[in-house]
Amino acid sequence: MPRYEPMRAVRGMRDILPKDRGIWRVAEKAAADVARRFGYEEIVTPVIEAAELIERVGEDTDAVAKELYRFEDRGGRKLALRPEATAGVVRAYFEGHLNQLPQPARLFLIGPMFRYNRPQKGRYRQFFQLDVEAIGGESPALDAEVIEIAATWLREIGLGDLRMDLNSIGDAKCRPAYLDLLRAYYRPLKDQLHGDCQRRLESNPLLLLDCKVPQCQPFKVDAPRITDHLCEECAAAWTAVRRLLDAAGIEYRHDPYLVRGLDYYTRTVFEFYPANRDGSQDALGGGGRYDGLAEAEGWPATPGVGFASGLDRVTEMMKETGAEVIAAPLAEVLVLADAGLEVAAAEVARICRTAISVAVDYEPKSLRAKMRSANKLGSRWVVLLSASEAGRRVAQLKNMASGEQAEVAWDDLPARLA
RNA sequence: GUGGCUAUAGCUCAGCAUGGCAGAGCACCAGAUUGUGGAUCUGGCUGUCGCGGGUUCAAAUCCCGCUAGCCACCCCA
């Protein structure tokens, strides 16, 4: 009865295959290069965190409320696969005593994140993010710095043609008063809003600004804007960030409707999109300031600002925009030996390997077929080995480009191939 | 989480409205070429028709359920 079905990757998970790995490497290397140039160090934190850490930090957001991979281990501990990096990085910042070093701690991380949502192209249940965080500093210059890192990285991997939206959502001091204004504005309109928005009106009115349902759009224009109601400190920071971005030559668009799903964000919020597209599906990255996060985790109040970008989408776009990628390095030499000469072939390969990359074709097929493989793999050289030649410790060395072929002693191969 | 489309050879897909021998191209293997690649030609191998059930003399084809992928929402990255 259990007729078998070959095993496949679980829903929402995917493999990065060798042919695509090159472009990922380019993106990752560029990220590490740019980050280091700005004085950011790499950190690696666990994929598994205490469920409480994740939940405390974003109970109201979909990412946590509906999309969290949550489970218990054999010891009954309540755990979760991280849906984003910031919570873990901030935790590590305190646990690793980075708060005792000169501030801010400048950190970056590349790794997998997990969200249980419906898979689609560019949206996977396991996806990879580049995460950049400056923790322990409240200067708006750090906001601009993080944005500049993001913009520099995207430009260097060929995705410079993008749009950045920018907004400020105030802080604990000025936001409550603003939210009251917003509620007061929307209450008379409540009946005309769609269901979710009616509910959000009292619980999380900021999200009304972010709503994309057509029937809710007309009311946004006249809604009060938070940037008009910032407290003194937030207003100063808002001005400073924009001035710094101008000086850095980074273009942005003030989007008064840009808010962030996560509760701990304060002041600066930003998102990057490809210039020609809209659709939230295409968001390449985003971030903002999270001065309330450390406290939410039970650590001393500590400001921070960060940026995250999805590598799955970024590499997808790099392919579309035809970014130059170095072809995957294949074996430059392929050893083709007759049947039964595996030991000799392996030894010849070992000798060649002191000078160059080598693979052996052990397949039991005709020489013609092996030559076709060598050609398809793009090998520069082929070493042909027959029993009589193996006995004399010589082989035929063929240059695939010129077609020239000559007998060469095994021990002379490295010199000829170098 | 909601709605829609899709699933046939290793890959891309045709066949399905009207049930009746499981197909093409590519890839792979072999030969033309008396051990030597690319081009060309010839031949050959490859299938639980996604999974499970139902209808029927008969199901890739019709019906139901499930799973997975894609698209639009939702949300984000």
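Small disclaimer: the values here were computed from a predicted structure and weren't measured. So you know, we letter chains A, B, ... as the sequences are listed, proteins then strands, and number each from 1.
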Nearest-Å distance once atom [atom1] is located in both [N] and [M]:
{"N": "B:G65", "M": "B:C28", "atom1": "C1'", "answer": "38 Å"}
{"N": "B:A27", "M": "B:G10", "atom1": "C1'", "answer": "7 Å"}
{"N": "B:A68", "M": "B:C51", "atom1": "C1'", "answer": "10 Å"}
{"N": "B:G20", "M": "B:C62", "atom1": "C1'", "answer": "15 Å"}
{"N": "B:A77", "M": "B:G4", "atom1": "P", "answer": "29 Å"}
{"N": "B:C49", "M": "B:U61", "atom1": "P", "answer": "10 Å"}
{"N": "B:G15", "M": "B:G53", "atom1": "C1'", "answer": "24 Å"}
{"N": "B:C16", "M": "B:U6", "atom1": "C1'", "answer": "14 Å"}

Who does [N] pair with, Watson-Crick or G-U, both distances under 3.5 Å?
{"N": "B:U48", "answer": "none"}
{"N": "B:G3", "answer": "B:C71"}
{"N": "B:G25", "answer": "B:C11"}
{"N": "B:U55", "answer": "none"}
{"N": "B:U40", "answer": "B:A32"}

Could you tell me whether [X] contacts a base, only the sugar-phosphate backbone, or nothing, with contacts defined as non-hydrogen atoms closer than 4.0 Å?
{"X": "A:Asp210", "result": "sugar-phosphate"}
{"X": "A:Gly287", "result": "nothing"}
{"X": "A:Tyr124", "result": "base"}

For nucleotides 32-45 of chain B, give me one character per nucleotide, 5' to 3': B if any protein heavy atom sits under 4.0 Å from the base, S if the only such contacts are to the sugar-phosphate, - if neither. B--BBBB-------
Just list the side-chain donor-acceptor pairs under 3.5 Å for residues 346-353 of chain A, sequence neighbours left out, or say none.
residue: A:Glu347; atom: OE2; partner: A:Arg393; partner atom: NH1; Å: 3.2
residue: A:Glu347; atom: OE2; partner: A:Arg393; partner atom: NH2; Å: 3.1
residue: A:Arg353; atom: NH1; partner: A:Val358; partner atom: O; Å: 3.1

Closest approach of [X] to [Y] (non-hydrogen atoms, all atoms of both residues):
{"X": "A:Ile226", "Y": "A:Gly170", "value": "CD1-N, 3.9 Å"}
{"X": "A:His254", "Y": "A:Leu166", "value": "ND1-O, 3.2 Å"}
{"X": "A:Gly310", "Y": "A:Gln129", "value": "CA-CG, 4.4 Å"}

Would you give me the side-chain donor-acceptor pairs under 3.5 Å for residues 44-53 of chain A, sequence neighbours excluded?
residue: A:Thr45; atom: OG1; partner: A:Arg82; partner atom: NH1; Å: 3.1
residue: A:Glu49; atom: OE1; partner: A:Arg91; partner atom: NE; Å: 2.8
residue: A:Glu49; atom: OE2; partner: A:Arg91; partner atom: NE; Å: 3.3
residue: A:Glu49; atom: OE2; partner: A:Arg91; partner atom: NH2; Å: 3.0
residue: A:Glu52; atom: OE2; partner: A:Arg56; partner atom: NE; Å: 3.4
residue: A:Glu52; atom: OE2; partner: A:Arg56; partner atom: NH2; Å: 3.1

Under a 90° cut-off about 0 for the syn range, is B:A17 syn or anti?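 In terms of base orientation relative to the sugar, B:A17 is syn.
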For the pair made of [atom1] in [X] and [atom2] in [N], what is the distance, rounded to whole Å?
{"X": "A:Asp361", "N": "B:C29", "atom1": "CG", "atom2": "C1'", "value": "14 Å"}
{"X": "A:Leu311", "N": "B:A77", "atom1": "CG", "atom2": "P", "value": "13 Å"}
{"X": "A:Lys66", "N": "B:U2", "atom1": "NZ", "atom2": "P", "value": "11 Å"}
{"X": "A:Lys370", "N": "B:C29", "atom1": "NZ", "atom2": "P", "value": "12 Å"}
{"X": "A:Asn117", "N": "B:G69", "atom1": "CG", "atom2": "P", "value": "12 Å"}
{"X": "A:Asp15", "N": "B:A68", "atom1": "CG", "atom2": "P", "value": "16 Å"}
{"X": "A:Leu206", "N": "B:C75", "atom1": "CG", "atom2": "C1'", "value": "16 Å"}
{"X": "A:Leu284", "N": "B:C75", "atom1": "CG", "atom2": "C1'", "value": "16 Å"}

Identify, with sequence neighbours excluded, every residue that meets ring-ring contact (aromatic ring centres under 6.0 Å, His included) alongside A:Phe94.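 Applying ring-ring contact (aromatic ring centres under 6.0 Å, His included) to A:Phe94 gives A:Trp299.
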Please determine if a side-chain N or O atom of A:Arg11 lies less than 4.0 Å away from the OP1 or OP2 oxygen of B:G69.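 So the side-chain polar atoms of A:Arg11 do come within 4.0 Å of the phosphate oxygens OP1 or OP2 of B:G69, strictly under.
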For A:Asp33, what residues pass the salt bridge (charged side-chain N to carboxylate O under 4.0 Å, His left out) criterion, not counting sequence neighbours?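 Salt bridge (charged side-chain N to carboxylate O under 4.0 Å, His left out) list for A:Asp33, sorted by chain: A:Lys29.
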Considering residues at least two apart in sequence or located in another chain, which fulfil the salt bridge (charged side-chain N to carboxylate O under 4.0 Å, His left out) criterion with A:Glu363?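 Checked A:Glu363 against salt bridge (charged side-chain N to carboxylate O under 4.0 Å, His left out); zero matches.
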Quick one, A:Glu67 and A:Arg118 - any side-chain contact, counting heavy atoms below 4.5 Å?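 A side-chain contact under 4.5 Å is absent here.
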Establish whether the base of B:G3 is bridged to the side chain of A:Arg118 by a donor-acceptor pair shorter than 3.5 Å.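 Under the 3.5 Å cut-off, the side chain and the base do form a donor-acceptor pair.
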Looking only at the side chain of A:Arg123 (C-beta and beyond, no hydrogens), which of the listed nucleotides B:G4, B:C29, B:C74 gets closest?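 Looking only at side-chain atoms, A:Arg123 lies closest to B:C74.
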Whichever of A:Tyr116 and A:Ser309 has its nearest RNA chain B nucleotide further upstream toward 5':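 So the residue in question is A:Tyr116.
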Which comes earlier along RNA chain B counting from the 5' end, the contact point of A:Pro119 or that of A:Ala308, where each point is its nearest nucleotide?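 The residue whose closest nucleotide sits nearer the 5' end is A:Pro119.
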Please answer whether the main-chain N or O of A:Leu209 pairs with a side-chain N or O of A:Lys220 as donor and acceptor at a distance below 3.5 Å.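 A pair under 3.5 Å: yes.
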Pairwise ring-ring contact (aromatic ring centres under 6.0 Å, His included) hits with a residue in residues 115-140 of chain A, at least two apart: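 Output for this query lists A:Trp24-A:Phe128, A:Tyr69-A:Tyr116.
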Quick one: side chains of residues 130-139 of chain A, donor-acceptor pairs under 3.5 Å with protein atoms, not counting sequence neighbours, listed by atom name and distance.
residue: A:Glu133; atom: OE1; partner: A:Tyr290; partner atom: OH; Å: 2.5
residue: A:Glu133; atom: OE2; partner: A:Thr86; partner atom: OG1; Å: 2.8
residue: A:Ser139; atom: OG; partner: A:Ala141; partner atom: N; Å: 2.9

Which atoms of nucleotides 9-13 of chain B (N or O only) lie under 3.5 Å from a protein N or O atom, and what are those distances?
none

